[in-house]
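The next block holds one structure in the form of structure tokens; read it before the comments.
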Amino acid sequence: MRDEEIDWAVYHALLDGKAGTFQGLACLGYEPRLIEESVRRLEKYYLVERAGDSVRVLSFRESLLLCQANNDETCPFIVENGIIRARSEQERK
């Protein structure tokens with residue numbers, strides 16, 4: 001099975017409220033390693049956020065905010081572990 005298919009299944013299980021934890025995602029029938037890799041990819045693309053064992057889908061606004069904060073070096077703020085802080089002059093390139 002392709003990674004995209006697993007990602008789609010994981011994302012929709014979270015979105016539909018069928019799961020909210022890694023243990024809950026086990027109901028999809030994939031190996032824990034594949035679920036972990038999928039959640040990492042979804043985090044990388046700012047679609048989900050994990051906190052310990054729980055995983056949640058990010059809203060469109062949250063996704064945009066995180067994407068801008070992490071990819072726009074002129075952005076005046078940065079988000080680290082869910083905390084928004086001012087970007088220092090050294091961090092602005």
Side-chain angles (χ1 to χ4, degrees):
M1 181 169 281
R2 294 182 0 208
D3 290 345
E4 296 86 5
E5 293 170 346
I6 297 170
D7 294 352
W8 183 260
V10 168
Y11 182 79
H12 278 277
L14 294 167
L15 187 64
D16 297 340
K18 295 178 184 170
T21 62
F22 280 95
Q23 187 176 10
L25 289 169
C27 73
L28 296 172
Y30 299 117
E31 296 176 34
R33 175 187 60 82
L34 295 176
I35 291 173
E36 174 68 31
E37 290 171 1
S38 177
V39 169
R40 270 197 223 129
R41 284 189 298 272
L42 292 170
E43 278 185 303
K44 178 182 172 185
Y45 295 117
Y46 309 109
L47 295 172
V48 302
E49 174 183 69
R50 110 175 54 190
D53 187 47
S54 64
V55 184
R56 72 176 186 91
V57 173
L58 294 173
S59 72
F60 183 71
R61 288 180 180 175
E62 289 172 309
S63 294
L64 285 176
L65 179 81
L66 288 172
C67 185
Q68 181 179 7
N70 291 318
N71 295 300
D72 179 2
E73 295 172 351
T74 64
C75 184
F77 60 87
I78 191 165
V79 180
E80 292 178 332
N81 299 319
I83 297 172
I84 300 171
R85 68 170 179 81
R87 190 183 296 257
S88 70
E89 288 299 322
Q90 294 172 340
E91 292 173 315
R92 293 186 200 183
K93 298 177 183 172

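Residues: numbered from 1 along the sequence shown. It should be emphasised that the depicted structure is a prediction, and the values quoted were computed from it without experimental measurement.
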Exercise. Passes side chain to side chain contact (heavy atoms under 4.5 Å, CB included), N70 versus Y46? Steps please.
Worked result: CA-CA 10 Å; N70 291 318; Y46 309 109; 3.2 Å; yes
For this session: Tell me, with the steps shown, if E31 and E37 meet side chain to side chain contact (heavy atoms under 4.5 Å, CB included).
Result: CA-CA 10 Å; E31 296 176 34; E37 290 171 1; over 6 Å; no
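Taking OG1 of T74 as the reference point, atom CD of Q68 lies at 7.5 Å (rounded to 0.5 Å). Rounding to the nearest 0.5 Å gives a distance of 12.0 Å between CZ of R2 and CH2 of W8. Going from atom CD1 of I6 over to atom CG of L42 covers 11.0 Å, rounded to the nearest 0.5 Å. Note that CG of D53 and CG of L25 are 9.0 Å apart. Values are rounded to the nearest 0.5 Å. How far CD of E4 is from OG of S38: 10.0 Å, rounded to the nearest 0.5 Å.
Between L58 and S63, the closest heavy-atom pair is CB-OG, 3.8 Å. Across all non-hydrogen atoms, the minimal contact from A69 to F77 is CB-CE1, 3.7 Å. Nearest heavy-atom pair, R87 versus D72, reported as atom, atom and distance to 0.1 Å: NH2-O, 3.7 Å.
Of the residues L14, L15, V10, the one that meets the side chain to side chain contact (heavy atoms under 4.5 Å, CB included) test with H12 is L15.
In the displayed structure, E36 atom CD is contacted under 6.0 Å by more than 12 heavy atoms of other residues, nucleotides or ligands.
When hydrophobic clusters are built by joining Ile, Leu, Val, Met, Phe, Trp and Tyr residues whose side-chain heavy atoms come closer than 4.5 Å, directly or via intermediates, I84 is grouped together with L66. When hydrophobic clusters are built by joining Ile, Leu, Val, Met, Phe, Trp and Tyr residues whose side-chain heavy atoms come closer than 4.5 Å, directly or via intermediates, L34 is grouped together with Y45. Using a 4.5 Å cut-off between side-chain heavy atoms of Ile, Leu, Val, Met, Phe, Trp and Tyr, with links allowed through other members, I78 and L65 fall into different hydrophobic clusters.
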